[in-house]
Amino acid sequence: GNNPVLFESIDPDLPPLQFSRKISEKASRIGLDWPDAKSVLCKVREEVNELEEAMQNASVDAITHELGDLLFATVNLARHLDIDTELALRQSNLRFTRRVQRIDTTLNNQGLTFNDLNSRELDQQWEEAKQGEKNGKRT
């Protein structure tokens, strides 16, 4: 169209996840989009590979660039799947904190702390906390 600044109607002070969603919705309306969720998932995989490459070179700028691209692609995947990224992340945050709390309680009951466990034991505790959640046992 005649509007030289396609995105000027979007509040630049929005949280980054919401801003990504808005600019990708707007881009989609002018035809800049992937055809379906599956093709966006391919893009996410591509971005993961590019991030891995950047990590091997250990350039902070390159890693930041690729991690940003991965996050942006993930927001686009959520949009294609009609998933609220804020809600999805909030739920992940809750699951994580619940599991850590469950492990902390278990360790406290045994007179232990996180520092008393090696990484293998921590992984085992994590799996048990996950299973406990699936079995509906809330602490």
Side-chain angles (χ1 to χ4, degrees):
N2 294 333
N3 185 355
V5 187
L6 184 65
F7 304 112
E8 72 181 358
S9 65
I10 300 171
D11 179 1
D13 296 325
L14 280 173
L17 284 176
Q18 289 177 30
F19 188 79
S20 290
R21 177 75 170 233
K22 296 266 188 214
I23 62 175
S24 68
E25 284 169 354
K26 200 151 233 195
S28 179
R29 285 198 287 274
I30 61 162
L32 276 176
D33 202 356
W34 291 273
D36 52 32
K38 197 169 180 172
S39 54
V40 190
L41 187 57
C42 289
K43 183 64 177 172
V44 168
R45 286 194 184 102
E46 180 188 310
E47 296 298 351
V48 168
N49 292 337
E50 290 176 11
L51 177 59
E52 281 176 338
E53 281 175 34
M55 287 168 64
Q56 286 166 0
N57 302 330
S59 154
V60 176
D61 286 347
I63 293 168
T64 303
H65 174 115
E66 297 305 342
L67 188 60
D69 286 354
L70 174 58
L71 288 167
F72 187 72
T74 304
V75 169
N76 276 281
L77 180 58
R79 177 175 55 84
H80 271 266
L81 295 170
D82 202 23
I83 300 292
D84 179 336
T85 50
E86 301 282 335
L87 178 65
L89 188 55
R90 200 172 295 123
Q91 289 175 346
S92 283
N93 291 342
L94 275 172
R95 278 193 304 277
F96 181 83
T97 54
R98 256 199 324 260
R99 288 170 191 168
V100 171
Q101 192 58 57
R102 183 186 288 269
I103 295 168
D104 191 46
T105 302
T106 301
L107 294 179
N108 279 333
N109 291 342
Q110 298 169 4
L112 300 168
T113 69
F114 281 92
N115 293 333
D116 296 318
L117 273 62
N118 62 36
S119 60
R120 190 185 50 76
E121 293 166 329
L122 270 175
D123 283 347
Q124 189 180 343
Q125 286 291 329
W126 183 261
E127 285 308 311
E128 285 173 22
K130 236 170 111 170
Q131 275 313 116
E133 209 167 73
K134 282 184 185 147
N135 298 337
K137 295 186 302 216
R138 298 233 182 259
T139 52

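Remember, predicted model here, so these are calculated numbers, not experimental data. Keep in mind that the numbers below use all heavy atoms, side chains included, and drop hydrogens, waters and symmetry copies.
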Distance (rounded to the nearest 0.5 Å) between [X] [atom1] and [Y] [atom2]:
X	Y	atom1	atom2	answer
Glu46	Leu51	CD	CG	12.5 Å
Leu112	Asp104	CG	CG	11.0 Å
Leu17	Thr74	CG	OG1	9.5 Å
Leu117	Leu107	CG	CG	5.5 Å
Ile23	Arg21	CD1	CZ	12.5 Å

In one Ile/Leu/Val/Met/Phe/Trp/Tyr side-chain cluster, 4.5 Å: [X], [Y]:
X	Y	result
Leu41	Leu70	yes
Val44	Val75	no
Ile63	Phe72	no
Ile30	Phe19	yes
Leu77	Val48	yes

Please collect all salt bridge (Lys or Arg N to Asp or Glu O under 4.0 Å) contacts where either partner lies in [range], sequence neighbours excluded, each pair once.
range	answer
residues 27-40	Asp33-Arg79
residues 105-132	none
residues 61-73	none

Only pairs under 3.5 Å count here: list side-chain donor-acceptor contacts from residues 84-91, not counting sequence neighbours, and write none if there are none.
{"from": "Asp84", "atom 1": "OD1", "to": "Glu86", "atom 2": "N", "distance (Å)": "2.9"}
{"from": "Asp84", "atom 1": "OD1", "to": "Leu87", "atom 2": "N", "distance (Å)": "3.1"}

Item to check | Aromatic ring pairing Trp34/His80, orientation class (parallel under 30°, perpendicular over 60°, tilted between) | outcome: perpendicular

Checklist entry - Got a sec: does the CG of Asn118 have more than 12 other heavy atoms crowding it under 6.0 Å? => result yes

Checklist entry - Does atom CZ of Phe96 have more than 12 heavy-atom neighbours from other groups under 6.0 Å away? => result no

Next on the checklist: Is a donor from one side chain sitting under 3.5 angstrom from an acceptor on the other, for Thr105 and Arg102?
Outcome noted: no

Checklist outcome for this item: Looking only at heavy atoms, the pair that brings Ala129 and Ile103 closest together is CB-CG1, 3.9 Å

Checklist entry - Taking 4.0 angstrom as the limit, do Arg98 and Glu133 come out as a salt bridge? => result yes

Next on the checklist: Using the side-chain hydrogen bond (donor to acceptor under 3.5 Å, both in side chains) criterion, which residues pair with Ser119? Sequence neighbours excluded.
Outcome noted: none

Item to check | Residues that Glu47 engages under side-chain hydrogen bond (donor to acceptor under 3.5 Å, both in side chains), provided they are two or more places apart | outcome: Lys43

Checklist entry - Can you list the steps and then say if Leu122 with Trp126 is a side chain to side chain contact (heavy atoms under 4.5 Å, CB included)? => result CA-CA 6 Å; Leu122 270 175; Trp126 183 261; over 6 Å; no

